> 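Take a look at this one; I'll ask things after.
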Amino acid sequence: PRGPADDSFNTSEYHALRLLFRDESQEALDDVTHALLGAPAEPMDPAALSDLLRTTHSLKGTAGTVGLRAFADAAHQLEGVVEKLRAGTLAWSAGTRDALVEIIDCLRARAAVGEERGEEAVALGAQLDVKLSALTGGPEASGWAAPPAPEPADHAIGGFAPDPVA
C-alpha cells in the first residue's frame with residue numbers, strides 16, 4: 001500500500017507542506033531563470049554558479065523532505081549539471097544557458113502539475129530526462145527514455161501523490 005513517506009505526518013500536514021513547496025519552488029525556479037537569462041554568453045561568475053547550486057540543492061532537499069521523490073531526482077540531476085559548469089567540465093555558452101532555462105521551465109511545470117496527474121507528470125518527467133541528458137550527453141540524448149509507470153491518482157495529497165514507502 002502507498003502512503004506518506006513518514007507515517008507520523010497526517011494527510012493534512014502533507015497537503016500543507018506540498019502546497020508550500022509548490023509555491024516556494026516556483027519562486028526559487030523563477031529566481032534561477034532570471035539569473036540564467038541575465039548571465040552573459042561567456043562563462044558565468046563562480047559566485048552566481050554557487051548561488052544556482054545552492055538553490056538546486058535546496059529544491060532537491062525540500063522535495064525529498066515532503067516525499068516528492070521524482071522532483072527531488074530531477075533537481076538532483078540539475079544540481080549535477082550546475083556542478084559540472086562550476087568545475088568547468090561542461091562548457092558554458094548561450095546554448096547551455098538556453099538549455100538550462102528549458103530545463104527550469106520543465107521543472108516549474110512539473111511542480112505545478114503535481115504528481116496526481118499521472119500521464120502529464122510522466123510526460124514532463126520524460127522531457128526533463130531527455131533535456132538533462134542532451135545537455136550532459138547521457139543515454140537519453142539519443143532519444144531513448146523509458147518513462148516510469150504513471151502514479152495512481154487516488155492517494156494525491158495537495159496536488160502531489162506521495163512516493164511509495166520502500
Side-chain angles (χ1 to χ4, degrees), residues 17-148 150-151 156 158-161 163:
L17 288 173
R18 288 179 175 183
L19 286 176
L20 179 62
F21 172 79
R22 184 170 49 200
D23 293 343
E24 294 289 323
S25 68
Q26 296 298 322
E27 186 176 318
L29 293 169
D30 284 346
D31 291 345
V32 170
T33 298
H34 287 107
L36 289 170
L37 291 175
E42 61 268 0
M44 282 185 77
D45 174 57
L49 283 170
S50 291
D51 287 345
L52 292 176
L53 188 59
R54 193 171 14 264
T55 300
T56 57
H57 182 78
S58 294
L59 284 169
K60 175 187 74 173
T62 305
T65 298
V66 297
L68 301 173
R69 191 169 300 133
F71 189 98
D73 289 346
H76 178 72
Q77 289 178 302
L78 178 59
E79 182 182 29
V81 169
V82 176
E83 285 174 344
K84 288 180 180 186
L85 285 167
R86 191 170 72 163
T89 59
L90 179 62
W92 178 261
S93 68
T96 302
R97 179 191 58 213
D98 294 346
L100 285 169
V101 169
E102 288 181 18
I103 289 165
I104 297 301
D105 288 346
C106 282
L107 267 176
R108 185 182 294 107
R110 184 71 170 86
V113 163
E115 300 195 7
E116 84 284 0
R117 290 167 42 191
E119 288 183 26
E120 192 173 354
V122 168
L124 284 167
Q127 269 188 316
L128 267 167
D129 288 344
V130 169
K131 288 180 185 297
L132 283 160
S133 291
L135 189 58
T136 60
E140 287 83 7
S142 64
W144 180 87
E151 298 283 334
F160 297 98
D163 288 322

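In this text, all values refer to a predicted model and were calculated from it rather than measured experimentally. Atom set for the values below is all heavy atoms of this structure, side chains included, hydrogens, waters and symmetry mates excluded.
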> To the nearest 0.5 Å, what is the distance between CG (L29) and CG (L59)?
5.0 Å
> Just so I know, are the side chains of L85 and T96 near enough to count as touching, which here means a heavy-atom distance under 4.5 Å?
yes
> D51: which residues meet the salt bridge (Lys or Arg N to Asp or Glu O under 4.0 Å) condition with it, sequence neighbours left out?
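Testing D51 for salt bridge (Lys or Arg N to Asp or Glu O under 4.0 Å), a comparison that skips the adjacent residues, returns R54.
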> Report yes or no: does Q26 contribute a side-chain atom to a donor-acceptor pair with the main-chain N or O of R108 at less than 3.5 Å?
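Side chain of Q26 to backbone of R108: a pair is present.
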> To the nearest 0.5 Å, tell me how far Q77 CD sits from I103 CD1.
9.0 Å
> Between L128 and A74, what is the shortest heavy-atom contact and its length?
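So the minimum-distance heavy-atom pair works out to CD1-CB, 3.8 Å.
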> Keeping T56 on the side-chain end and L53 on the backbone end, is there a donor-acceptor pair under 3.5 Å?
yes
> Between R110 and A70, which heavy-atom pair has the shortest distance, and what is it?
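Taking every non-hydrogen atom into account, NH2-CB, 3.3 Å.
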> Could you tell me the separation between the CG atom of L90 and the CG atom of L100, rounded to the nearest 0.5 Å?
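Interatomic distance, L90 CG to L100 CG, rounded to 0.5 Å: 7.5 Å.
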> Considering the options I104, V81, V82, L78, which one meets the side chain to side chain contact (heavy atoms under 4.5 Å, CB included) requirement together with L52?
V82
> Could you list the residues that satisfy salt bridge (Lys or Arg N to Asp or Glu O under 4.0 Å) with D98, not counting sequence neighbours?
none
> What is the distance from atom CG of L124 to atom CZ of F71, rounded to the nearest 0.5 Å?
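Going from the CG atom of L124 to the CZ atom of F71 covers 11.0 Å.
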> Return the CG to CG distance between L107 and L132, rounded to the nearest 0.5 Å.
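The CG atom of L132 is 7.5 Å from CG of L107, to the nearest 0.5 Å.
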> Are the side chain of S25 and the backbone of R22 linked by a donor-acceptor contact shorter than 3.5 Å?
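Present.
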> Keeping to residues at least two apart or across chains, list the salt bridge (charged side-chain N to carboxylate O under 4.0 Å, His left out) pairs with something in residues 80-92.
none
> In Å and rounded to the nearest 0.5 Å, what is the OG1 to CD distance from T62 to E24?
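If we round to the nearest 0.5 Å, T62:OG1 and E24:CD are 8.5 Å apart.
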> Checking H76 side chain against A72 main chain: does a donor-acceptor pair fall under 3.5 Å?
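Checked: no pair found.
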